[in-house]
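So the structure is just underneath, and the comments pick up after that.
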Amino acid sequence: MTRNERTAFLRERFAARELVVAPCCYDAISARVIHEAGFAATFMSGFAVAAARFGVPDNGLIGYAEMVETLRLICAANPGIAVVADGDTGYGNAMNVRNTVIGYAQAGAAAIMIEDQVAPKRCGHMDGKVVVPLDEARTRIRAAVDARRESGLDILIVARTDARAPLGFDEAMRRMAAFKAEGADLLFLEAPADQDELQRFAAEADGPAMANLVPGGKTPVLSPARLAEMGFAFAIYHQALFGAIEAMKRAFAALANGDPEGGAPSTPFDEVKRLAGAETYAATSARY
């Protein structure tokens, strides 16, 4: 898919309320494995990028430069998949939000998520979150929509609220309605507490709704089929980072006990080379 095709794909699916399942990626190879598994979209998770690239928690310890660089590498290596990218708070005031939206669009993102936490933010499934006042939150989404329109770049705006934890579900839904009025394309209420809140959000959202399914998080992890029944348009799952860490732990524990081939199943070397593009490189280099 071309850049415009990736954005068009999401826009069409969101408009139809047809669920898009997007496993979370954190680098080029994880996005490639996700795409080859049959998924047309992936979500570049700030939580996963912070953990995988820098070994730090998702507490605002990395910024725009690190995220847009990671995004550019993912999109360049995987032109066939639509990347929805975590833009956190926009990394500053409204002018920073504009810059972030334009930079993400130029890097190849099909959509960008902007949230209403104070800076420095923290993972949506951690305790102690604080959100900015509603007027400031609206300004972020307005700036994002303005940046898209005035730049002429084709990127969708995902508006996220973390107000559920500090201010309650009703205030979170009020913010969702406000963000929709500002022109957001996809609405994301982070960390509903149970299935009833998930259902309410999907039913009452004035637009396509997104769900974030984190193992061990604050929201129950439901199947794609169940989320589709509820009416969600977009769902992200975190198998890549969680699974990679567990596989490495098992493999290294076996190696520490003297067994270099024990532990987690290992991908054959030829397959790793293929995923890294060795076949394409060899075919191209043969022309010269």
Side-chain angles (χ1 to χ4, degrees), residues 1-11 13 20-56 58 61-88 90-91 99-115 123 144 148 153-158 160 185-186 188 210 212-214 234-245 247-248 267 271-281:
M1 291 189 286
T2 66
R3 180 180 301 178
N4 287 342
E5 286 173 339
R6 295 193 293 269
T7 307
F9 162 76
L10 292 178
R11 184 178 285 114
R13 294 291 293 272
V20 175
V21 178
C24 294
C25 70
Y26 50 85
D27 61 10
I29 201 71
S30 59
R32 183 163 296 167
V33 173
I34 288 166
H35 190 206
E36 290 199 357
F39 296 95
T42 183
F43 181 81
M44 188 190 80
S45 159
F47 173 90
V49 172
R53 284 200 62 193
F54 301 96
V56 298
D58 188 18
L61 297 173
I62 64 174
Y64 170 79
E66 295 90 349
M67 290 291 284
V68 78
E69 176 193 27
T70 305
L71 172 64
R72 187 175 293 110
L73 293 170
I74 289 170
C75 293
N78 300 281
I81 192 169
V83 181
V84 179
D86 191 348
D88 292 321
Y91 309 107
N99 183 69
T100 298
V101 170
I102 291 170
Y104 274 39
Q106 292 172 335
I112 180 174
M113 184 175 75
I114 300 292
E115 66 188 61
C123 169
R148 172 180 60 190
L153 294 167
D154 194 15
I155 187 170
L156 302 185
I157 308 301
V158 185
R160 163 178 160 175
D185 301 289
L186 180 65
F188 174 29
M210 168 179 163
N212 179 21
L213 296 310
V214 181
F234 195 71
I236 64 176
Y237 291 84
H238 295 260
Q239 277 85 347
L241 178 64
F242 287 48
I245 290 173
M248 286 188 287
T267 301
E271 174 64 2
V272 175
K273 289 190 296 181
R274 187 193 67 79
L275 284 168
E279 292 177 356
T280 301
Y281 179 89

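Atoms considered below: every heavy atom in the structure, side chains included; atoms not considered: hydrogens, waters and symmetry mates.
When the ring-ring contact (aromatic ring centres under 6.0 Å, His included) test is applied to Phe234, the partners found at least two apart in sequence or on another chain are Phe14. Applying the salt bridge (charged side-chain N to carboxylate O under 4.0 Å, His left out) rule to Arg148 yields the partners Asp185; only residues at least two apart in sequence or on another chain are considered. Under the salt bridge (charged side-chain N to carboxylate O under 4.0 Å, His left out) criterion, Arg32 pairs with no residue at all, not counting sequence neighbours.
Looking at every heavy atom in both residues, Thr100 comes nearest to Gly87 through CG2-O, 4.5 Å. Closest of all the heavy-atom pairs between Ala107 and Val68 is CB-CG2, 4.1 Å. Shown here for Ala109 and Leu71, the closest heavy-atom pair between the two residues is CB-CD2, 3.8 Å. Closest heavy-atom contact between Ala240 and Cys24: CB-O, 3.2 Å. Closest non-hydrogen pair, Leu213 versus Ala235, comes out as CD2-CB, 4.2 Å. Closest approach of Ile74 and Cys25 over heavy atoms only: CD1-SG, 3.8 Å.
Residues Leu156 and Leu186 fail the side-chain proximity criterion, which asks for heavy atoms closer than 4.5 Å. Two residues are said to be in side-chain contact when any heavy atoms from C-beta on lie closer than 4.5 Å; Ile155 and Val101 meet this criterion. Side-chain contact between Glu115 and Asp88: present, with at least one pair of heavy atoms (C-beta onward) separated by less than 4.5 Å. With contacts defined as side-chain heavy-atom distances shorter than 4.5 Å, the pair Arg160/Met210 does not qualify. Looking at heavy atoms from C-beta onward, Val214 lies in side-chain contact with Phe242 at the 4.5 angstrom threshold.
With values rounded to the nearest 0.5 angstrom, Glu66 atom CD is found 8.5 Å from Tyr91 atom OH. Rounded to the nearest 0.5 angstrom, Glu5 CD and Thr7 OG1 are separated by 10.0 Å. Separating the CG atom in Asn212 from the CZ atom in Phe47 is a distance of 10.0 Å, to the nearest 0.5 Å. Interatomic distance, Met113 CE to Phe43 CZ, rounded to the nearest 0.5 Å: 3.5 Å.
The stretch residues 46-55 participates, sequence neighbours left out, in these side chain to side chain donor-acceptor pair (under 3.5 Å) pairs: Arg53-Glu69, Arg53-Thr70. Residue pairs satisfying the side chain to side chain donor-acceptor pair (under 3.5 Å) criterion with at least one member in residues 34-49, sequence neighbours excluded, are listed as follows: Glu36-Arg274. Sorted by first and then second residue, the side chain to side chain donor-acceptor pair (under 3.5 Å) pairs involving residues 22-31 (not counting sequence neighbours) are Asp27-Ser30.
Atom OH of Tyr237 has more than 12 heavy atoms from other residues, nucleotides or ligands within 6.0 Å. Within a 6.0 Å radius of CZ in Phe54, other residues, nucleotides and ligands contribute more than 12 heavy atoms.
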Q: Given side chain to side chain contact (heavy atoms under 4.5 Å, CB included), test Met67 with Ile62 step by step and report yes or no.
A: CA-CA 7 Å; Met67 290 291 284; Ile62 64 174; 3.8 Å; yes
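Between the side chain of Arg6 and the backbone N or O of Pro79, at least one donor-acceptor pair lies under 3.5 Å.
Classification of the Tyr64-Tyr104 ring pair by plane angle, with boundaries at 30° and 60°, yields parallel.
Between Val158 and the choices Leu10, Ile112, Val84, the side-chain contact (heavy atoms from CB on, under 4.5 Å) rule is met once, by Val84.
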